[in-house]
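Take a look at the structure set out below.
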Amino acid sequence: MVENITNRKVAQQAIKESQDRYRSLVELSPEAIAVYSEGRIIYLNPAGIRLLGATGRGEVVGKPIESVIPAEYVGNIATVAGSDGQGSDPTHLVEAKVIRLDGEVLDTEIIGSTITYRGKPAHQLIVRDITERKRQEEKRAQLLAAEQEQNRRLAELAVMKADFTAMVAHELGSPLAAIRGYVDMLETGQLTPEEQAQAVAAVRAETQLLTALAADVHSAASVEREDFTVHIGNIPLSALMLDATAFAKTLKGDHPFYITDVPDVVVRADPGRIGQVLRNLLSNAAKYSPAGTPVEMWVSCGEDRVRIEVADRGFGIDPGDVKRIFDKFGRGRDRSGQKVAGVGLGLYLSRRIVRAHGSDLSVSSRPDGGSVFGFDLEVSR
């Protein structure tokens, strides 16, 4: 019996031609294509060889798929490719890491599908390198975040400028109103000599407040200039403490002032700038403390540093204010939650000056109530 196999031959030839075309497309594809079965790579096209930095298929074929794609990504790819029995989704991209032979890690997009390869079930992966795209996306995200942060700071600065203008206007208004009232009283010519002396003293005190405000604003502008410097030299610690003690005796509020024994050492400091810091700390101690409560200055000497601290018996610092009080225009609150008068420049300036001396201005709470501000100075050898 003679069997006509012409149709079979035609079909086999068509299948062979189809396979040849597919193989040619895969071999020439610019996309990396890999096939793995039973956990091992069984085929890799030329683009895949280049992607992995190999010189030939022999360096990769036969290796575990997890040697080039970490296990956690292989599971996701297999699921999409249909190994879970749900069928493949050839339109679904899975982002995965791919490890080149030289150890470089690439970001990739992978499309997985289930196929039959040489009579065995296998997974075919089409891999696209998106490392550069990811890098650009990350760069754009960083630029966007930087722009958003810049916008936030500009908005914050605008609010701070508005607050500063309002605070300065408020701080100027009170002493100016007081001066105007005393001048009007003096113009009447009806005051006794004693009353005139009291009015003149009050005008002088309010003028000092205005002078201090102007000095703070000027100092704030000074420390923010690039040419801000401190002129550090050798100065006896006793000289700094003598000036601070003289200033403490002028504080309002009848605050007794106590100072510990001053070590007989010479320190490295800019006397004008450190004097400014001490006056600010003493003024704050008086401002934030009930009248009649003591203000103390503690001085202790280590091997190469001197610690200077100003302590009060006030109501302490609200925990939410600890960071804010060192910010420009930052002010603390009293027990009622109201901000205390002032433009919020004193501690900001003081910290900048102390840092220029190689130290930092710190604050802590006292167990018996009140606050302690302190900093270090270097002992001169």
Side-chain angles (χ1 to χ4, degrees), residues 9-148:
K9 286 286 187 181
V10 170
Q12 290 174 342
Q13 181 63 28
I15 292 172
K16 183 178 182 304
E17 290 176 359
S18 176
Q19 289 174 339
D20 289 343
R21 284 195 300 272
Y22 176 77
R23 187 177 297 109
S24 177
L25 288 173
V26 169
E27 287 287 305
L28 296 176
S29 171
E31 303 285 5
I33 298 176
V35 178
Y36 74 95
S37 177
E38 298 178 345
R40 292 191 174 273
I41 300 170
I42 57 177
Y43 171 78
L44 190 66
N45 75 342
I49 294 171
R50 292 192 297 271
L51 180 74
L52 294 179
T55 58
R57 289 188 177 91
E59 292 183 71
V60 182
V61 171
K63 286 189 173 185
I65 185 64
E66 293 179 1
S67 66
V68 294
I69 302 177
E72 63 267 29
Y73 299 107
V74 173
N76 291 338
I77 295 167
T79 298
V80 174
S83 64
D84 57 355
Q86 299 301 315
S88 63
D89 180 1
T91 66
H92 188 78
L93 296 174
V94 176
E95 290 193 4
K97 300 290 185 181
V98 167
I99 306 171
R100 286 168 48 95
L101 297 188
D102 59 8
E104 181 185 356
V105 178
L106 304 177
D107 288 300
T108 67
E109 285 180 341
I110 298 178
I111 297 177
S113 58
T114 301
I115 63 172
T116 299
Y117 187 84
R118 295 180 179 176
K120 292 183 178 182
H123 293 307
Q124 175 179 272
L125 308 180
I126 301 175
V127 185
R128 178 178 300 140
D129 184 0
I130 60 170
T131 304
E132 183 58 30
R133 190 184 83 191
K134 281 286 189 179
R135 189 178 293 121
Q136 293 301 323
E137 288 175 354
E138 184 177 349
K139 188 179 294 184
R140 284 195 294 271
Q142 290 173 347
L143 290 173
L144 178 60
E147 183 180 356
Q148 291 174 336

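Glu38 CD: 12 or fewer foreign heavy atoms inside a 6.0 Å radius. Within 6.0 Å of CZ on Arg128 lie no more than 12 heavy atoms contributed by other residues, nucleotides or ligands.
Contact detail for Asp102 and Glu104: the closest heavy-atom pair is OD1-N, 3.0 Å. Closest of all the heavy-atom pairs between Ala122 and Ile42 is CB-CD1, 4.4 Å. Taking all atoms of both residues into account, the shortest heavy-atom contact from Ile110 to Ala96 is CD1-CB, 3.9 Å. Closest non-hydrogen pair, Pro70 versus Ile99, comes out as CG-CD1, 4.1 Å. When all heavy atoms are compared, the tightest approach of Arg100 to Leu51 is NH1-O, 3.0 Å. Of all non-hydrogen atoms in Ile41 and Pro64, the two that sit nearest each other are CD1-O, 4.3 Å.
For the atom pair OG of Ser37 and CD1 of Ile65, the computed distance is 11.0 Å after rounding to the nearest 0.5 Å. Glu147 CD to Gln142 CD: the interatomic distance, rounded to the nearest 0.5 Å, is 14.0 Å. Note that the CG atom of Leu106 and the CG atom of Asp129 stand 5.0 Å from one another [nearest 0.5 Å].
A side chain to side chain contact (heavy atoms under 4.5 Å, CB included) with Leu44 holds for exactly one of Val68, Val60, Leu125, Ile33; it is Val60.
In this view, Arg50 satisfies the side chain to side chain donor-acceptor pair (under 3.5 Å) rule with no residue, not counting sequence neighbours. Shown here are the salt bridge (Lys or Arg N to Asp or Glu O under 4.0 Å) partners of Glu138, two or more places apart in sequence or in another chain: there are none. Partners of Lys134 by salt bridge (Lys or Arg N to Asp or Glu O under 4.0 Å), not counting sequence neighbours, listed by chain and number: Glu95.
Under the 4.5 Å side-chain criterion, counting only non-hydrogen atoms from C-beta, Lys63 is not in contact with Leu52. Considering only heavy atoms from C-beta on, His123 comes within 4.5 Å of Thr114 through its side chain.
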Handout entry: Stepwise side chain to side chain contact (heavy atoms under 4.5 Å, CB included) test for Lys97 and Ile69
Key = CA-CA 6 Å; Lys97 300 290 185 181; Ile69 302 177; over 6 Å; no
Practice task
Apply the test side chain to side chain contact (heavy atoms under 4.5 Å, CB included) to residues Arg133 and Gln136: give CA-CA distance (whole Å), side-chain angles for both, the deciding distance (0.1 Å), then the verdict.
Solution key: CA-CA 5 Å; Arg133 190 184 83 191; Gln136 293 301 323; 5.8 Å; no
Practice task
Please lay out, stage by stage, how Tyr36 and Val74 fare under the test side chain to side chain contact (heavy atoms under 4.5 Å, CB included).
Solution key: CA-CA 11 Å; Tyr36 74 95; Val74 173; 4.0 Å; yes
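Here the side chain of Ser29 pairs a donor or acceptor atom with the backbone of Glu31 at under 3.5 angstrom. The backbone N or O of Tyr43 lies less than 3.5 Å from no partner atom in the side chain of Arg57, so there is not a single donor-acceptor pair.
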